[in-house]
Amino acid sequence: MLYLRLQPGYEIKGKPGSMVAMDATVKIKGKFKFSVKKMFTGGEMSESIFTGPGEVLLAPETWGDIVPIQLDGQTEWKVGKDAFLACTMGITRAAKSQGFGKALFSGEGLFVQKVSGAGIMWVQSLGAIFSRTLQPGEQWIVDNGHLVAWTAQYKVERIDAGGLFSASHTDEGLVCRFTGPGVVYIQTRNPETLGEWIRDQVPVQGNTVVYENN
């Protein structure tokens, strides 16, 4: 859970629906800028704006980590469609096309969130978050269902799924090859794979899902 104490007049932008609790002195309002791009992002691009004074508690929809990322006003970040949780007012988000090939195979859709400005952004994950800083020319391969946020360039490619990587965990060998310099944040859980695992644990009789009470 993200705990924030806002000074009088200080504002924070948060993901709609993420508020768990807040002081009665905090004001909240919604903001939504419609565009065709946002229809295809697969993620929520509207924002809730919290204005102090008071405490605000925010949380993701699922279980996982919340990590702050400091933006320096120069480096542009790309953020996965479900990874944004909150940010300070000096940060702006926009939908950015990543090309048809990456849209098809990266798992992030036709557009990703482009984040820029100076301040702090909090990202959320499914499971734990792990980060890797890549040196110039250094490469790192990431399963396409584990992306959270990144500054490094990448391309989507197919690898041999019969060796170290299992086809069931890499969409038949599709991965993202990042090349430094840059930073990559990933999550330990793949939403699609986790969903399949949960479905496998539920007993099914015919077309009926059976829930057992112990």
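These numbers were taken from a predicted model, which means no experiment stands behind them.
Residues P53 and T25 approach most closely at O-OG1, 2.6 Å, considering heavy atoms. Closest non-hydrogen pair, L58 versus A86, comes out as CD1-CB, 3.8 Å. Looking at every heavy atom in both residues, P60 comes nearest to L85 through N-CD1, 4.4 Å. Across every non-hydrogen atom of C176 and V156, the tightest pair is SG-CG2, 4.3 Å. Contact between V20 and M1 at its shortest, heavy atoms only, is CG1-CE, 4.1 Å. Between Q113 and G80, the shortest heavy-atom distance links the atoms NE2-O, 3.8 Å.
Checked by atom type and distance alone, the side chain of E11 never pairs as donor or acceptor with a backbone atom of T51 at under 3.5 Å. Judged by distance alone, with hydrogens and angles left aside, the side-chain atoms of E47 form no donor-acceptor pair with the main-chain N or O of G30 at under 3.5 Å. For S18 (side chain) and A59 (main-chain N/O), no donor-acceptor pair under 3.5 Å exists by modelled atom type.
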Let me have the donor-acceptor pairs involving side chains of residues 133-142, under 3.5 Å, with sequence neighbours excluded, atom names and distances please.
| from | atom 1 | to | atom 2 | distance (Å) |
| --- | --- | --- | --- | --- |
| E138 | OE1 | Q135 | N | 2.9 |
| E138 | OE2 | R132 | NH2 | 2.9 |
| Q139 | OE1 | R177 | NH1 | 2.9 |
| Q139 | NE2 | T179 | OG1 | 3.4 |

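The pair E76-K78 meets the salt-bridge criterion, with a side-chain N (NZ, NE, NH1 or NH2) lying under 4.0 Å from an Asp/Glu carboxylate O.
Between I129 and V123 the shortest side-chain heavy-atom distance falls below 4.5 Å. With contacts defined as side-chain heavy-atom distances shorter than 4.5 Å, the pair F50/K27 does not qualify. When side chains are defined from C-beta on, N190 counts as touching D143, because their heavy atoms get closer than 4.5 Å. Between V115 and I91 there is a side-chain heavy-atom pair separated by less than 4.5 Å. Taking 4.5 Å as the limit, some side-chain heavy atom of T88 sits within range of a side-chain heavy atom of Y10. Using a 4.5 Å heavy-atom cutoff, the side chains of W150 and V183 are not in contact. Proximity of N144 to H146: side-chain heavy atoms (C-beta onward) are nowhere separated by under 4.5 Å.
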Determine, step by step, whether K114 and R93 satisfy the side chain to side chain contact (heavy atoms under 4.5 Å, CB included) criterion, reporting the C-alpha distance in whole Å, the side-chain angles of both residues, the deciding distance to 0.1 Å, and the verdict. CA-CA 6 Å; K114 178 181 67 174; R93 296 187 298 145; over 6 Å; no
Check against salt bridge (charged side-chain N to carboxylate O under 4.0 Å, His left out), K15 and E61: CA-CA 10 Å; K15 187 175 185 177; E61 305 92 329; 3.0 Å; yes
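Rounded to the nearest 0.5 Å, atoms CD1 (I120) and CG (L4) are 9.0 Å apart.
Residue pairs meeting the side chain to side chain donor-acceptor pair (under 3.5 Å) criterion with at least one member in residues 65-74, sequence neighbours excluded: D72-T75.
Side-chain heavy atoms closer than 4.5 Å link hydrophobic residues (I, L, V, M, F, W, Y) into clusters, and following such links, even through other members, never connects I12 to M121. The hydrophobic cluster containing I66 does not contain F130, counting ILVMFWY residues as joined when their side-chain heavy atoms lie under 4.5 angstrom apart, directly or transitively. Residue L57 is not grouped with residue V26 when hydrophobic side chains (ILVMFWY) are merged at heavy-atom distances under 4.5 angstrom, including chains of intermediate members. In the hydrophobic clustering of ILVMFWY residues, with side-chain heavy atoms under 4.5 Å counting as a link, F84 and M19 come out apart. Both V148 and I69 belong to a common hydrophobic cluster when Ile, Leu, Val, Met, Phe, Trp and Tyr are linked at side-chain heavy-atom distances under 4.5 angstrom.
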